[in-house]
Amino acid sequence: MYNFKKIEKKWQEHWDKNNTFKTEIDNDKKKFYMLVEFPYPSGEGLHVGHGRVYTASDVQARFRRALGFNVLFPMGWDSFGSPAEHYAIQNHIHPKEAVTRNIEVFRGQMKSLGLSVDWNREFATTDPDYYKWTQWQFLQFYKHGMAYKAKKDINWCPNCKIGLSNEDASGGVCERCGTKVVQKEKEQWMLRMSDYAEELLDGLEDTKFNNRTKIAQVNWIGKSTGAEVDFSLKGLDDKLKIYTTRCDTLFGVTFMVIAPEHPLIEKYKDRIKNIKEVSEYQEQAKSKSEFERTELVKDKTGVCLDGIVAINPVNNKEIPIWISDYVMMSYGTGAIMAVPAHDQRDYDFAKKYGIDIIEVIKGGDISKCAYTEDGEMVNSGFLNGITNKKDSIEKMLDYLVEKKIGKRKTNYRLQDWIFSRQRFWGEPIPIVNCPKCGYVPLDEKDLPLLLPDVAEYEPTDNGESPLAKISEWVNTTCPKCGGAATRETDTMPNWAGSSWYWLRYMDPHNAREFASKEAMNYFGKVDLYDGGMEHATRHLLYARFWNQFLYNIGLVPNKEPFEVRISHGMILASDGEKMSKSKGNTVNPNEMIRNYGADALRTYEMFIGDYSKDASWSENGLRGCFKFLNRVYTLKDKVNEKNGYSEELETIIHKTIKKVTEDLTNLDYNTAVSALMILLNEMEKSSSITKDEYRVLLQLLNPIAPHITEELNEECKLGEELSKSSWPIYDEDKTVSEKVEIGVQINGKLRDTITVLKSSSKEELEQEALKSEIIKKWIEGKEIVKVIAVPGRIVNIVIK
RNA sequence: GCAAGAAUGGCGGAAUAGGUAGACGCGCUACUUUGAGGGGGUAGUGAAUAUAUAUUCGUGGGAGUUCAAGUCUCCUUUCUUGCACCA
């Protein structure tokens, strides 16, 4: 068993001492920017899932360096967030203390994994030097009219007295105390992200994100094209505006539905005879969390407005108006036209309340709601007889525009970004509220606006941020008029700090600007961004939005920040379940490193399976990789004094260089390890190997297992330090041996194999195949219909 | 419900462009080495039939295209992920 403890410690200290992985701008070299999502430094430390991701990124960094790139491979900490705040509340210490401690642990663990990170560039989002620029960028949003304050419903825990994000309120209950969450209206800072919907969609064309990620983004933006149609209200000089993607079904409308929050109700409350019932319903809808409203999909409820009736603009029919919580105020106009014959939700509602169902597209089964794409239009006046959905929509749109009762309209699911949190542990929003001047941004020279050092972080009773209680911090003077004013007490969401961190890595110590133009021009886009699928929508969208905004105001050189985005799979426990403390199925990476070494852990995490897919942990698998490294180590005894490649190993060496090079390029880490195992197996069969042969094996293995390979390279005096050496090259012609074995089939079934020269022609292959005794036996007495011979691949003889 | 992806031995997983399915590893079996071990080595290991040579079957299921299908087309089942009363 090789002494991995000693070797790994030695090389980690060597890299630290020599600043081996320090990156600087070098205009003579092409850059490669490898970015991996920075972690939230929790109290738990790294788990083996982190190990897989950081190892894979490190393999890329080391590989690209060997290929001659100037690699930027930084690491930092996404250290704002509620766990640190909870910890602070319980222990009455400033969250920055817990953060500092946790970062120490994380950094130590990463170093013990042997990551080739440039630690000179490390920072945390909670560093005032960093969040100064987060605040500065917020002010740019504000100054460009992209930040505004608006009343919004938020998830509110009446017990903890705190606003919760949707994630923290999943299941409709407070994540911390289990209390049912209610909706509460609050004034919130918003960023106009919906203005960027089209640009965010278009920008995807300029990226090489994997398909899954692109689709997730497209779905999240949720572009839909349709029409807005005005329904007049009987006896009133007013209209009800609805949004629909299927205006072709207008003749099938039998009722309207508006969201419970729709302003129409307040406006005409005197006319609505059953206003009491309506108000009760509104209250009930309000007390439901967003979760409940969307979960109870099947059970539709509603109240019909008694006293207001709409008129269908295409046939002047009177139509009742209902309120129901299956219509959301936040999408479209908060009102819909209901076509129960052709929409499942409308159908369910109509069935429950006994509303008419009118078929307008023939072909489906009306008794259970028909999703009809194309069918003949019926009961539809001027649309009757049309059999194509697109045509009938177009004809209706023309009609609506001509009669001035509607227009084309594109809608997006994407909404503005709620940018306020009522929390302590976030970037303070650098705005002052002056009774005279209104909202006034802080002067940029007064940034960073620091979080105060106090000992209490409990939330307030009224839903304000804990900062609101700290009067000496809140009370200030107006930067504009100098009069008494108060600070904004909301802080930024956790997503803020991660929305531009890749820019700061390029120039992390810059005190004058968030990053210099020179650094941003040189390092450019992130070449490869690795992260979890759970961030493929929000984080990635926020980051792209933020960057596009900075680009549009001329502060960054590229509109899209990331060239390639990949998403890795999770490491599951050996039982196939998610690892969790409560299940007791977690694996401690420290323990694995202690027992088998970082190199074995790294090798195993690369070998475990397809990097983009989830994989189950197996300590036996890790042991297999440990064994592999031990065999690589033992192989040193076979190294002779010769250079060059022996005839025996030449082909397999060229083949392996090619395979590993391609696999690392394509992120197929598992097959790269497998190819190296095959190479080792072959080398072990030889009585001795040359120095160059051993060095190639070590070089190819170096990105994956950097410590042991450096050690062996040094010990056997094979050449320059591997982390400074360039990647081995291969000769395509030498990747296949002169003689190849190919299969011979009879009617598509394998019957024999023959060994032929790789250059053999079709005719030679055919001749050779027919010489085989086994083949002769099979074709005896049969008629050969034809022979297919594909050089280098197969011979297939078709007989009758 | 919508969208995307996946399904291959006892297990994790390979298979370039349709061309010898199961590479590589784990596990298991036999032998061997050592004082012992979750140690080292050698050989075997998809299933069935067979003394052996060998034959048949085999990539979730069903059809199809082709000389040839894990791979392409259509249908279908199951699972995973993302979004979800989005009008």
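Quick note on labels: first sequence line is chain A, next is B, and so on, each numbered from 1. Keep in mind that the numbers below use all heavy atoms, side chains included, and drop hydrogens, waters and symmetry copies.
- Distances shown here put a side-chain N or O of A:N681 below 4.0 Å from the OP1 or OP2 atom of B:G25.
- Side-chain to base pairing of A:R212 with B:G5: no donor and acceptor N or O lie closer than 3.5 Å to each other.
- Residue-level contact check: A:Y596 touches the bases, meaning some heavy atom is under 4.0 Å from a base atom.
- Using a 4.0 Å heavy-atom criterion, one finds that A:E741 contacts the bases of the nucleic acid, with or without backbone contacts as well.
- Shown here is A:K352, whose NZ atom has more than 12 heavy atoms of other residues, nucleotides or ligands within 6.0 Å.
- Only the P atoms considered, B:U16 is 14 Å distant from B:A21, to the nearest whole Å.
- A:G624 comes within 4.0 angstrom of the backbone, heavy atoms only, and of no base.
- The aromatic rings of A:H539 and A:W495 sit parallel to each other, their planes meeting at less than 30°, with 60° as the upper class boundary.
- Here A:I788 lies in heavy-atom contact (under 4.0 Å) with a base.
- Using a 4.0 Å heavy-atom distance criterion, A:T753 is classed as a base contact.
- Ranking B:C83, B:A87, B:C24 by closeness to the A:W220 side chain, first place goes to B:C83.
- Both A:V790 and A:D614 lie near RNA chain B, and the one whose nearest nucleotide falls closer to the 5' end is A:D614.
- The base of B:C26 lies outside donor-acceptor range of the side chain of A:N620, with no N or O pair under 3.5 Å.
- The environment of A:K776 atom NZ is dense: over 12 non-hydrogen atoms of other residues, nucleotides or ligands sit within 6.0 angstrom.
- Heavy-atom distances to RNA chain B give each of A:V795 and A:N670 a nearest nucleotide, and the one nearer the 5′ end belongs to A:N670.
- The separation of B:U49 from B:A15, taken at their C1' atoms, amounts to 29 Å, rounded to a whole angstrom.
- For B:A23 and B:U45, the C1' atoms lie 15 Å apart once the distance is rounded to whole Å.
- B:G61 sits 7 Å from B:U77 when the C1' atoms are compared, rounded to a whole Å.
- Rounded to whole Å, the distance from OH on A:Y604 to C1' on B:C24 is 13 Å.
- B:G46 and B:A14 have their C1' atoms separated by 15 Å, given to the nearest Å.
- The aromatic rings of A:Y326 and A:F349 lie tilted to each other, with the angle between the two planes from 30° to 60°.
- Only the P atoms considered, B:C24 is 12 Å distant from B:G44, to the nearest whole Å.
- Other residues, nucleotides and ligands contribute more than 12 heavy atoms inside 6.0 Å of the NZ atom of A:K758.
- No contact: A:D752 has no heavy atom under 4.0 Å from any strand.
- Smallest separation of non-hydrogen atoms from A:A705 and A:L629: CB-CD2, 4.1 Å.
- Heavy atoms of A:T244 sit under 4.0 angstrom from primed sugar atoms or phosphate atoms, though from no base atom.
- Using atom C1' as the reference point in both B:A87 and B:G18, the two lie 45 Å apart (nearest Å).
- Across B:G12, B:A87, B:U20, the shortest atom-to-atom separation from the side chain of A:S224 is found for B:A87.
- Summarising the geometry, the separation between CD on A:E619 and P on B:G27 is reported as 11 Å, rounded to the nearest angstrom.
- Among the atoms of the strands shown, base atoms are found under 4.0 Å from some heavy atom of A:N796.
- Straight-line distance between the C1' atoms of B:A36 and B:G25: roughly 27 Å, to the nearest whole Å.
- For B:C57, one of the phosphate oxygens OP1 or OP2 lies less than 4.0 angstrom from a side-chain nitrogen or oxygen of A:K749.
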